[in-house]
Amino acid sequence: MHVDKQKDTRPVFRLTEIISPKEDIEFAIVSAFCWNFAWMYQMFDHKTAVIAVDHNPRGEASIKAILPNWIRTTPFLRGGFGCMHMKFMLLFYKTGRLRIVVSTANLIEYDWRDIENTVWVQDIPKLPSPVAADPKQENFASAMVRVLHGVNVAPALANLLSNDHPNLPLQRIEHLRTHWDWSKVKAALVPSIAGKHEGWPKVILSGHTCLMKSLQDMGGKTPPDKELVLECQGSSVGNYSTQWLNEFYCSARGVSAQTWLDEKKARRAKLPFPPIRILFPTARYVRESVLGEAGGGTMFCRRNQWAGKNFPRELFHQMKSKRGRVLMHSKMVLGTFRDKRGGLDRHARSAARSDSEDEDDAGADSGEKDKRLVGWVYVGSHNFTPSAWGTLSGSAFNPTLNITNYELGVVLPLHSQEEIDRVACWERPPEKYVSGRDEPWIQSESAAFVEEG
DNA sequence: TGAGGCTGCCGCCTCACAAG
DNA sequence: CTTGTGAGGCGGCAGCCTCA
């Protein structure tokens, strides 16, 4: 389990250490795709008010009191497709401190005991008195406000406030922006809100286009003399087309989709695969892991995907945990910059910078934050799939972003090679699958999962 | 040189399917 | 019980070859 920078002296987080000291927590908003409510209930003091955001398979928005002081809320899913996959916690302490947790783990024992997950934690101090927030300013807090509205927290909060808990430390979701001091947060929050997002102002607030915007804002745009190499690691495999991989890659470089949205589809389909390494465990790795095939229940790849005509089998790489033969439920995208072949020298670069591409964004490379990054890392609930990150359509003038799932993660800038190696939870560099020898773990073909289908 | 036919490319239509 | 996309099938068209 990888942790926040300040806490990396400690290699492992227990859930009881995050939700601690539990008597001091007044209120919590907690989200996960899979819940064991009885188990989680003991993690909290029974006096603590809790809003539990959960996945509803039917995709109906709902709120319901499920335990003393607990309200379960579920967000709407268009047509019942997709899932509420966000995993986060907001822990409001009696002292005013707010602890933000963004993780990859579900709230069941298995995820915290048997497999590897990743957690990002930061404590946010309360401001002595509220400050006005610029409604146009987008930052971590404003993104969190949108997330909470997106997953139907508002009616649950109103319900608590008007019943047994009128004095909660959060009276309105918007107060997150004005009552706490977020200035120390270096991470960018990257949500995917399920549904259809139309027009640039909305499109850049969600999905891979939000990743693009966040990278621009933190100076993480791939420099013109460099090439971006992506290592995408997750526990589920999507349907990858050249078009979608290039779409994602473009955003990961910090380049707006305006550059390609008006290109003909037929032409886009013929582009080569970008330099993306897709990390997924091989069948052999799962068999030889500590829990064997039975432990492969959280890894998803289907035969018809792998066998698909244009499936990018050559992009697949082994996913081996640094921490021994344990399976990982972590989801990370690691972006690193390498010199282009025949790359420009240092001098030419500054010239290239001023005259090449740069579109609408002015602040991307500016100011003191430009301590020249070597890359960046995303960690959170997003698997590397179109359902999680979204697909763009429409025109460059009026784009549409369609997202199937609710997902949440953070992006952090990386400043050194050492930091890159430390932050990745897999052995680097990842080994490429050997054609003929290596095949991905396919759960439905394992004797341990016979009832599949 | 012109008619006819073969071939490959492109665009259009329909259908199936999406992920944890 | 969405919306968008890729695959696959089909037809039109341009280019080229062959034969009279």
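In what follows, every chain begins at residue 1, and chains take the letters A, B, ... in the order their sequences are listed. Worth saying up front: this structure is predicted, and the values here are computed from it rather than measured.
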Go through the structure and list residues passing salt bridge (Lys or Arg N to Asp or Glu O under 4.0 Å) with A:K213, not counting sequence neighbours. A:D217
Which nucleotide wins on minimum distance to the side chain of A:P386, given the candidates C:dG4, B:dA19, C:dT2? B:dA19
Once you apply a heavy-atom cut-off of 4.0 Å, does A:Q305 come out as touching a base, just sugar-phosphate, or nothing? sugar-phosphate
Atom pair distance, as rounded to whole Å: OH in A:Y240 and P in C:dG4: 22 Å
Would you mind reading off the distance between A:F311 atom CZ and B:dC17 atom P, rounded to a whole angstrom? 17 Å
Assess the side chains of A:N405 and A:H382: does a donor N or O sit below 3.5 Å from an acceptor N or O? no
Nearest of B:dA19, C:dG6, C:dC1 to any side-chain atom of A:N239? B:dA19
Less than 6.0 angstrom from the centroid, inside 45 degrees of the normal: does A:R97 satisfy that with respect to the ring of A:Y93? yes
Using atom types as modelled and distance alone, determine if a side-chain donor or acceptor of A:R313 lies under 3.5 Å from a backbone N or O of A:W306. yes
Taking side-chain contact (heavy atoms from CB on, under 4.5 Å) as the criterion, tell me which of A:V119, A:L189, A:V121 meets it with A:V102. A:L189
Name the closest nucleotide to the A:R78 side chain, picking from B:dA19, C:dC1, C:dT3. C:dT3
Nearest to side-chain heavy atoms of A:R302, which nucleotide of C:dG4, C:dG6, B:dA18: B:dA18
Ion pair present between A:E431 and A:K320, side-chain N to carboxylate O less than 4.0 angstrom? yes
For a quick test of reading the model: is some side-chain N or O of A:S241 closer than 4.0 Å to OP1 or OP2 of C:dG6? yes
For the pair made of CG in A:L401 and P in C:dT3, what is the distance, rounded to whole Å? 15 Å
Could you tell me whether A:H85 contacts a base, only the sugar-phosphate backbone, or nothing, with contacts defined as non-hydrogen atoms closer than 4.0 Å? sugar-phosphate
Length of the CH2-P vector between A:W244 and C:dT5, whole Å: 13 Å
Checking B:dA19, C:dT3, C:dT2 against the side chain of A:F81 (C-beta onward), the nearest is C:dT2
Sequence neighbours left out, what passes side chain to side chain donor-acceptor pair (under 3.5 Å) with A:Q233? Give chain and number order. none
Kindly express the pairing pattern of DNA chain C in dot-bracket notation, using | wherever a base pairs with another strand and counting only Watson-Crick or G-U pairs under 3.5 Å. ..||||||||||||||||||
To the nearest Å, give me how far apart CD (A:Q243) and C1' (C:dT5) are. 8 Å
Whole angstrom is fine here: how far is it from OH in A:Y406 over to C1' in C:dT2? 13 Å
Which part of the nucleic acid, if any, lies within contact of A:T391, taking any heavy atom under 4.0 Å across all strands shown: a base, the sugar-phosphate backbone alone, or nothing? nothing
Between P of B:dA19 and CD of A:Q443, the distance in whole Å: 15 Å
Of the listed nucleotides (C:dG6, C:dT5, B:dA19), which one gets closest to any side-chain atom of A:S393? C:dT5
NZ of A:K196 versus P of C:dT5: gap in Å, rounded? 11 Å
